[in-house]
**Q** 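Before anything else, here's the structure in question.
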Amino acid sequence: MAFQLLNEQIVIFRKENGGVVALEDRCVHRQAPLSRGEVVGDLLQCAYHGLCFDGSGNCVRVPSQKVIPPNARIRHYPAIERHGLIFIWMGLTDEPDIEALYIFPWDEDENWHETHIHLHAHFSYLLLVDNLMDLSHLAYMHKSTIGIDAVAEDAKQKSERAGERVRVSRWMVEIDQAPTHIELSGYTGKVDRWQYIEFCPPGYFWVQTGSAMAGKGGANAKGKDLLIKRNSVHMVVPETETTTNYYYTTVHKRGTLSKEREQIFKDRMAQTFREDVELLEHLSRQAKPESPKIDLAADAGALQARSILDGLIAAQTNQEFPDQPAPNLT
Amino acid sequence: MAFQLLNEQIVIFRKENGGVVALEDRCVHRQAPLSRGEVVGDLLQCAYHGLCFDGSGNCVRVPSQKVIPPNARIRHYPAIERHGLIFIWMGLTDEPDIEALYIFPWDEDENWHETHIHLHAHFSYLLLVDNLMDLSHLAYMHKSTIGIDAVAEDAKQKSERAGERVRVSRWMVEIDQAPTHIELSGYTGKVDRWQYIEFCPPGYFWVQTGSAMAGKGGANAKGKDLLIKRNSVHMVVPETETTTNYYYTTVHKRGTLSKEREQIFKDRMAQTFREDVELLEHLSRQAKPESPKIDLAADAGALQARSILDGLIAAQTNQEFPDQPAPNLT
Amino acid sequence: MAFQLLNEQIVIFRKENGGVVALEDRCVHRQAPLSRGEVVGDLLQCAYHGLCFDGSGNCVRVPSQKVIPPNARIRHYPAIERHGLIFIWMGLTDEPDIEALYIFPWDEDENWHETHIHLHAHFSYLLLVDNLMDLSHLAYMHKSTIGIDAVAEDAKQKSERAGERVRVSRWMVEIDQAPTHIELSGYTGKVDRWQYIEFCPPGYFWVQTGSAMAGKGGANAKGKDLLIKRNSVHMVVPETETTTNYYYTTVHKRGTLSKEREQIFKDRMAQTFREDVELLEHLSRQAKPESPKIDLAADAGALQARSILDGLIAAQTNQEFPDQPAPNLT
């Protein structure tokens, strides 16, 4: 498989033991894309002249000659696989803190079922930072799924910064349910609804959303009073300066949801994200950097997140994630 | 509806009283395209975070907060609707001479039926200036509709400048009819034919074309001797430096032409303009600015028109149309 | 017919005597593409305003006026037709050594049947220089037609420079036949196989490939011992800096091959070249000029060819082909 991350062409393949290897997708000889080649045992063989590379990026075979030229190697990226996702270390150092490569706001030991959504987008990842840090947009962009007017008009919103992270909390008391939530819960009465979004640089967003029957304790509601509680991570990965891969993973404990309801949830969320991507692509095409822009109160979280990113980029330390405990969202 | 004029993104919508509003198609908050939003009464609501703008471009509602930020406004363009067309003032001043926004070479009081044609073209509007100011090209490009060899070979052509306008007059005596004119008039004999083209900067071209049975007085022929007499306006509107919207409007007095004949006329003219656009797009793709070019006698009108445009652009006065009476073409 | 060579737009047409004329595809008046016009006798008439050009590029008629403007001419390119191909002289001089315009490694007097293949490619012609000068790539890229591992692993390869030409010779002794060669010869035993490639700047590659039953004298084998012997020319013609026309012509003496077998050969070679073009387009899209590249022993011929081209370009003498006798490959 080939893809592009941070302007780099990358090829990934599996070794015989199932381990994942990530290499530069460019043969050291004539720059042919290795992703067009073949996996031979634990080696990746170039489709052009047959050079073979091992899992460390070293060329170990040149079919037309016996001597391997010195310096015949390509860049190798440390990679791990977790929760059905592959994480690739693009940092300058060769030995990353591998545990920092991925961060999920749920207990590793639980028996989770993951649901994944992936979209490709023609705009800078920064537009998704703005998008995710101000969920008032649900009211207007996602009316057919998870938005109703009250999400913009009746929400209390708080933005907190802790170190290199930013958390936006939103509370809506005694409001109507949105269409998708009625579809999933079957409940049409008033609810208390909450949205927590935590920005973890460079591009993770931990999100917990939920609703409970109105007046039953909100996020602390139990049993039938608790209608929906969903933990998820949005992962915003720059492909180039102007294109982005948008990954989303959410979990539930195995056995707690029917396949049918999870599929409905996935379909509605995919539609919701497509609405975001489509509008932001349109916005991006005709944006004018020199045009005046105003900020609203609801932008506090996005502005803090952007400021953190600016600082990390300025300090050239955006290769390392901040070391912080995951909040207890589960 | 959204479109682009002079590199600007513009959205137009109708108020409840039917009046047309033209605004910058870019929300002052995050630059979302307002054309993706909804018209709510006399307001246009942004599809992203719900900001509402009135017909003057002022933001009058921010759903997530009570205070409207100062400076929350977008550019407003004066607009009027006439003869089935909407005219938008892109000038620097806010108060245009609204009557100067559109100019038609026919009496406003008559009971006209308008026929409109619109094409989008991938080339600079200047190529259409050349095209319309030298109609000898009909002989070669439009042989299947309104062109025959004589339009190039047997025409007397005169070019006159009056102030900021240029008029080209072309006369062909005792020539054959072109295919479309035979189709429309049923007459296959010799005719006297005329073409008047008046360039009105920045991008209007008033055109009167006609034919009469040969020797019956030309444009002064009456009754059955007069075969065809058609007033029209070609409007050449730059979208960007390299793309152009080409609008054409022609009129006839209600009741004087059958729907069928007017449809045939429209179809043939649309084909004719498509031939122009297709060739000029091809020309534009492979034009070499540094290649030598020669001018012919027939280019006198186009050269004057280009010179007027150069002058207007140089003086940065191209936001205001020249104040001149319409010639009596009807 | 219109096409682009070395960034120039060219139109070719036939005169009444069948002779080929090549002109700049741009009218001297308004740069309209002459290829959209019509051939009228020995003249080419512009589709826009009807100007007529003769076979030397001189404007000889302007329909709308009697006087032909001085300097009304466009560039004319000497052209000849041979072996079903048209060769166009793009050099700075007007009088080329016409015989140097094309060079084929076979006797002009024989009764040849030519087979032609043409592909258009989105990459610099230099990538095809590398490709053709190192045929070890057959082993990996063309496994389903003319490649087997032994073409890379068991070949003796020699690279010789003679003046401005470079010849690569490759010999494989007692190897298996490739799929297409089994299909064409019906022979499944071991063979001796050879490949001669001679680079003739700026973009010709004479190629002779063949195979004989193992141990029967190789290229000197006679009768049934000789399985395949094929002379061909690859012609690599830059269209722009980043696009290339790839022409291939091969011959056999009339009567020596059935139409069916020649069609099979053509189909397999076209597939082979498409594999080259597709991979090289992919390579070109994601190549990084600044990335390290290593050379292999097998690149000796390609490096010499590139060095010759660099020298010719540096000396601005690439308009004239070197004057050398064709080698006796037949």
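The figures that follow rest on heavy atoms only: side chains count, while hydrogens, waters and symmetry mates do not.
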**Q** Which residue out of K288(C), M141(C), H142(C), E275(C) racks up the most heavy-atom pairs below 4.5 Å with chain A?
**A** K288(C)

**Q** Working to the nearest 0.5 Å, report the span between CG of D130(C) and NE2 of H49(A).
**A** 8.0 Å

**Q** With a 4.5 angstrom heavy-atom cut-off, could you sort out which part of D134(C) is near chain A: side chain, backbone, both or neither?
**A**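 Backbone plus side chain of D134(C), per the 4.5 Å heavy-atom cut-off to chain A.
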
**Q** Taking all heavy atoms of A297(C) and all of Q65(A), pick out the closest pair and write down the distance.
**A** N-OE1, 2.9 Å

**Q** Could you look at A139(C) and say if it's the side chain, the backbone, both or neither that has a heavy atom under 4.5 Å from chain A?
**A**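 Answer is neither: A139(C) stays 4.5 Å or more from chain A.
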
**Q** Is it the backbone or the side chain of C46(A) that comes under 4.5 Å from a heavy atom of chain C, or both, or neither?
**A**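 The backbone, not the side chain.
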
**Q** To the nearest 0.5 Å, what is the distance between CD (Q9(A)) and CZ (R285(C))?
**A**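 The CD atom of Q9(A) sits 9.5 Å away from the CZ atom of R285(C).
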
**Q** Which distance, rounded to the nearest 0.5 Å, do you find between the CZ of R36(A) and the CD of E278(C)?
**A** 4.5 Å

**Q** Please report the interatomic distance CD(Q286(C)) to CD(E8(A)), rounded to the nearest 0.5 Å.
**A** 10.5 Å

**Q** Which atoms form the tightest heavy-atom contact between Q31(A) and S291(C), and what is the distance?
**A**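 Closest heavy-atom pair between Q31(A) and S291(C): NE2-CB, 3.4 Å.
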
**Q** Is any side-chain heavy atom of K293(C) less than 4.5 Å from a side-chain heavy atom of R26(A)?
**A** no

**Q** Tell me whether Q157(C) contacts the main-chain N or O of S64(A) through its side chain, where contact means a donor paired with an acceptor under 3.5 Å.
**A**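 Absent.
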
**Q** Between N71(A) and I294(C), which heavy-atom pair has the shortest distance, and what is it?
**A**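 Closest heavy-atom pair between N71(A) and I294(C): O-CG2, 4.2 Å.
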
**Q** What distance separates L283(C) CG from R30(A) CZ, expressed to the nearest 0.5 Å?
**A**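 The distance works out to 10.0 Å.
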
**Q** Is chain C contacted by the side chain of V28(A), its backbone, both, or neither, given a heavy-atom distance below 4.5 Å?
**A** both

**Q** Might you point out which heavy atoms bring Y48(A) and Y140(C) nearest each other, and give the distance in Å?
**A**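 Taking every non-hydrogen atom into account, O-CB, 3.8 Å.
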
**Q** Measure Q4(A) against the heavy atoms of chain C and call it side chain, backbone, both or neither at under 4.5 Å.
**A** neither

**Q** Select one option (side chain, backbone, both, neither) describing which atoms of L127(C) are under 4.5 Å from chain A's heavy atoms.
**A**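 The backbone, not the side chain.
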
